[in-house]
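We're numbering straight along the sequence, starting at 1.
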Amino acid sequence: METALDVYMLTHFTGDETFSLELAGPLPEVCPQHGRPAVSRKSEVVQFWRTSRGIEQVTAGLFIWEFLRRILSVLALRRFRIPVTVATLHGTWPVCGRCVTRSAVLRWIAILLGFAGIPMIIAAFIANQLGVSRIPVGFIIAFFPGWLPCGLFVACAAHQGSRDFVRFDTITDQEHLMLRVGPDFPSS
């Protein structure tokens, strides 16, 4: 189910440069994803990338897809285009208790995975200073490719997922955006 949102242009540039949008009015006090009553409002900037399908909202899924496309392009020795933010949408989004909990859990996962490699770096440095000649293979695999790059990739995806309170369709009109909502969201 979808509902149209009216927005107004904050800044506008031509070509591949960015434009910025803001909600014209507040959303009802209902979570757009679950249709439950909102327990709070989160002020987030929603980013949009230019992809092969148009201007799409940056979500954890799009982040993972574009990252995998870049890896496959490098492996196939092909050029790839790094996605850049071409649009931002500023707004305050109503969120339910489930969304708040999900956001907090994903944010903590991102923090823990992001900092998980620091003790391994310190342990490797201390082992080197103490003259340990052989570092266990399991320790090396836990660091690379375990934490770097896989753990950091999951941390980035979890952080992006913690910021996804609303979902939008591909931007076709800069004055009306289509918000994806649950069945219990009041129509406007």
Query raised in the report: More than 12 foreign heavy atoms under 6.0 Å from CZ of Phe139: is that the case here?
Result: yes
Query raised in the report: So, do Asp169 and Arg180 sit near enough that their side-chain heavy atoms are less than 4.5 Å apart?
Result: yes
**Report entry** Verify same cluster id: Phe168, Val30 (apolar side-chain graph, 4.5 Å)
**Finding:** yes
Report summary line: Rounded to the nearest 0.5 Å, the CG atom of Leu152 sits from the CG atom of Leu113 at a distance of 8.5 Å
Requested in this report: Would you indicate whether the side-chain heavy atoms of Phe165 and Pro32 approach each other to under 4.5 Å?
Outcome: no
Report task. Would you sort out whether Phe48 and Phe19 count as a side-chain contact (heavy atoms from CB on, under 4.5 Å), showing the intermediate values? Result -> CA-CA 10 Å; Phe48 294 87; Phe19 58 92; over 6 Å; no
**Report entry** Backbone of Gln57 reached by a side-chain donor or acceptor of Arg167 within 3.5 Å
**Finding:** no
Requested in this report: Give a yes or no on whether Val84 and Phe63 share a hydrophobic cluster (residues Ile, Leu, Val, Met, Phe, Trp, Tyr; joining criterion: side-chain heavy atoms under 4.5 Å apart).
Outcome: no
Query - Listed partners of Ile64 passing side-chain contact (heavy atoms from CB on, under 4.5 Å), at least two apart - result: Leu68, Phe153, Ala157
Report task. First locate atom NE2 of His159, then atom OG of Ser103, and finally report the distance between them rounded to the nearest 0.5 Å. Result -> 9.5 Å
**Report entry** Close side-chain approach of Arg70 to Pro83, heavy-atom, < 4.5 Å
**Finding:** yes
Query raised in the report: Is Val181 reachable from Val46 through a run of I, L, V, M, F, W or Y residues, each pair having side-chain heavy atoms under 4.5 Å apart?
Result: yes
**Report entry** side-chain contact (heavy atoms from CB on, under 4.5 Å) assessment of Leu179 paired with Leu177
**Finding:** CA-CA 6 Å; Leu179 173 66; Leu177 298 180; over 6 Å; no
Report task. Answer yes or no: does atom CG of Leu75 have more than 12 heavy-atom neighbours from other residues, nucleotides or ligands under 6.0 Å? Result -> yes
Query raised in the report: Transitively linked via ILVMFWY side-chain contacts under 4.5 Å: Phe143 with Ile118?
Result: no
Query raised in the report: Within the distance-only criterion (no hydrogens, no angle test), does the side chain of Trp93 pair as donor or acceptor with the backbone N or O of Cys31 below 3.5 angstrom?
Result: no
Query raised in the report: Taking a hydrophobic cluster as the set of Ile, Leu, Val, Met, Phe, Trp and Tyr residues connected by side-chain heavy atoms closer than 4.5 Å, whether directly or through intermediates, do Phe115 and Phe144 fall within one such cluster?
Result: no
Report task. Taking all non-hydrogen atoms of both residues into account, name the closest pair between Ile171 and Ala87 and its distance. Result -> CD1-CB, 4.3 Å
Report task. For residues Ile71 and Phe67, determine if any side-chain heavy atom of one lies less than 4.5 Å from a side-chain heavy atom of the other. Result -> yes
Report task. Please report the closest heavy-atom contact between Ala60 and Gln160, naming both atoms and the distance. Result -> N-CG, 3.7 Å
Report task. For the residue pair Arg41 and Pro26, establish whether any side-chain heavy-atom pair is separated by less than 4.5 Å. Result -> yes
Query raised in the report: Roughly how far, to the nearest 0.5 Å, is the CZ atom of Arg79 from the CG atom of Leu77?
Result: 13.5 Å
